[in-house]
Amino acid sequence: MSWREEYRRKCMTAHDALRCVESGMRVYIHPGCAEPEELVEALMDRAPYVRDVEIIHLMTMGSAPYIKPEMAGHFRHNAFFIGGNVREAVNDGRADYTPIFLSEIEGLFTSGQMPVDVALIQVSQPDDHGFCSFGVGVDTTLTAAKVARFVVAQVNDQAPRTYGD
């Protein structure tokens with residue numbers, strides 16, 4: 001099967017893709033300007049079907065709907081870096097903060113101390129060889145995607161192609 005056929009076979013709606021998220025899982029969200037906002041919104045639609053899902057990321061720029069009081073019991077955020085979108089929730093005790101150096105985060109994932117069940121990422125469209133790029137988010141996301149049980153990618157035709165691993 002060619003990569004194009006495999007790619008088409010895997011394409012689905014965000015809601016269908018997020019059915020892999022179950023109660024008690026840990027979900028990594030691609031941070032910064034690479035946040036896959038459509039996937040985050042679809043994840044919020046899973047709230048009635050899940051409990052105790054931990055959401056982790058370095059720092060996102062979106063609205064962080066998972067920290068809203070009505071999401072308590074369904075989602076709990078654990079911040080590695082506290083951005084403006086989650087600061088109030090951390091201060092109010094509705095979200096957690098794990099103080100850590102950036103250079104130590106990937107070790108949490110690879111050692112199994114903080115296993116990743118689902119990685120929500122944003123990538124560029126595939127090139128002529130079928131390879132996508134993480135675009136502007138070249139941080140801990142590659143490692144999170146490598147260790148995650150499930151990787152759900154939002155393909156963004158506006159994401160720039162960056163080179164490297």
Give the table of side-chain donor-acceptor pairs shorter than 3.5 Å for residues 67-75, with sequence neighbours excluded, one pair per line with atom names and distance.
{"unit_1": "His74", "atom_1": "ND1", "unit_2": "Ala47", "atom_2": "O", "d": "2.5"}
{"unit_1": "His74", "atom_1": "ND1", "unit_2": "Val50", "atom_2": "O", "d": "2.8"}

In residues 31-42, what donor-acceptor pairs under 3.5 Å come from side-chain atoms, sequence neighbours left out?
{"unit_1": "Glu35", "atom_1": "OE1", "unit_2": "Met61", "atom_2": "N", "d": "3.4"}
{"unit_1": "Glu35", "atom_1": "OE1", "unit_2": "Gly62", "atom_2": "N", "d": "2.8"}

Under 3.5 Å, sequence neighbours excluded: what are the donor-acceptor pairs made by side chains of residues 106-117?
{"unit_1": "Glu106", "atom_1": "OE2", "unit_2": "Thr143", "atom_2": "OG1", "d": "2.5"}
{"unit_1": "Thr110", "atom_1": "OG1", "unit_2": "Glu106", "atom_2": "O", "d": "3.2"}
{"unit_1": "Ser111", "atom_1": "OG", "unit_2": "Gly107", "atom_2": "O", "d": "2.8"}
{"unit_1": "Ser111", "atom_1": "OG", "unit_2": "Leu108", "atom_2": "O", "d": "3.4"}
{"unit_1": "Ser111", "atom_1": "OG", "unit_2": "Gln113", "atom_2": "N", "d": "3.1"}
{"unit_1": "Ser111", "atom_1": "OG", "unit_2": "Gln113", "atom_2": "OE1", "d": "3.3"}
{"unit_1": "Asp117", "atom_1": "OD1", "unit_2": "Arg149", "atom_2": "NH1", "d": "3.2"}
{"unit_1": "Asp117", "atom_1": "OD2", "unit_2": "Arg26", "atom_2": "N", "d": "2.7"}

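Within the structure, side-chain hydrogen bond (donor to acceptor under 3.5 Å, both in side chains) contacts touching residues 127-137 (residues at least two apart or in different chains) are Ser133-Thr162. The stretch residues 72-83 participates, sequence neighbours left out, in these salt bridge (charged side-chain N to carboxylate O under 4.0 Å, His left out) pairs: Arg76-Asp96. Residue pairs meeting the salt bridge (charged side-chain N to carboxylate O under 4.0 Å, His left out) criterion with at least one member in residues 6-15, sequence neighbours excluded, are Glu6-Arg9, Glu6-Lys10.
Between Phe134 and His30, the ring-plane angle classifies as perpendicular under the 30° and 60° cut-offs.
Two residues are said to be in side-chain contact when any heavy atoms from C-beta on lie closer than 4.5 Å; Met59 and Phe80 fail this criterion. In this structure, Ile29 and Tyr66 have side chains that are in contact, with non-hydrogen atoms separated by less than 4.5 Å. Side-chain contact between Leu18 and Tyr49: absent, with no pair of heavy atoms (C-beta onward) separated by less than 4.5 Å.
Val27 and Ile121 fall into different hydrophobic clusters, where Ile, Leu, Val, Met, Phe, Trp and Tyr are joined by side-chain heavy atoms under 4.5 Å apart, directly or via other members. Placement of Ile56 and Leu142 in two distinct hydrophobic clusters is found when ILVMFWY residues are connected by side-chain heavy-atom separations under 4.5 Å, directly or transitively.
Residues passing the salt bridge (Lys or Arg N to Asp or Glu O under 4.0 Å) test with Glu5, sequence neighbours excluded: none. With sequence neighbours excluded, the residues forming a side-chain contact (heavy atoms from CB on, under 4.5 Å) with Glu104 are Ile100, Phe101, listed by chain and number. Under the side-chain contact (heavy atoms from CB on, under 4.5 Å) criterion, Asp52 pairs with no residue, sequence neighbours left out. With sequence neighbours excluded, no residue satisfies salt bridge (Lys or Arg N to Asp or Glu O under 4.0 Å) with Arg51. Judged as a salt bridge (Lys or Arg N to Asp or Glu O under 4.0 Å), and not counting sequence neighbours, the contacts of Asp92 are Arg94. Residues passing the side-chain contact (heavy atoms from CB on, under 4.5 Å) test with Ala159, sequence neighbours excluded: Ser124, Asn156.
Closest heavy-atom contact between Glu22 and Val53: O-CG2, 3.6 Å. Closest approach of Tyr7 to Pro126, counting heavy atoms only: CE1-CG, 3.7 Å.
Counting only distance, with no hydrogens or angles, the side chain of Arg161 and the backbone of Gln125 share a donor-acceptor pair below 3.5 Å.
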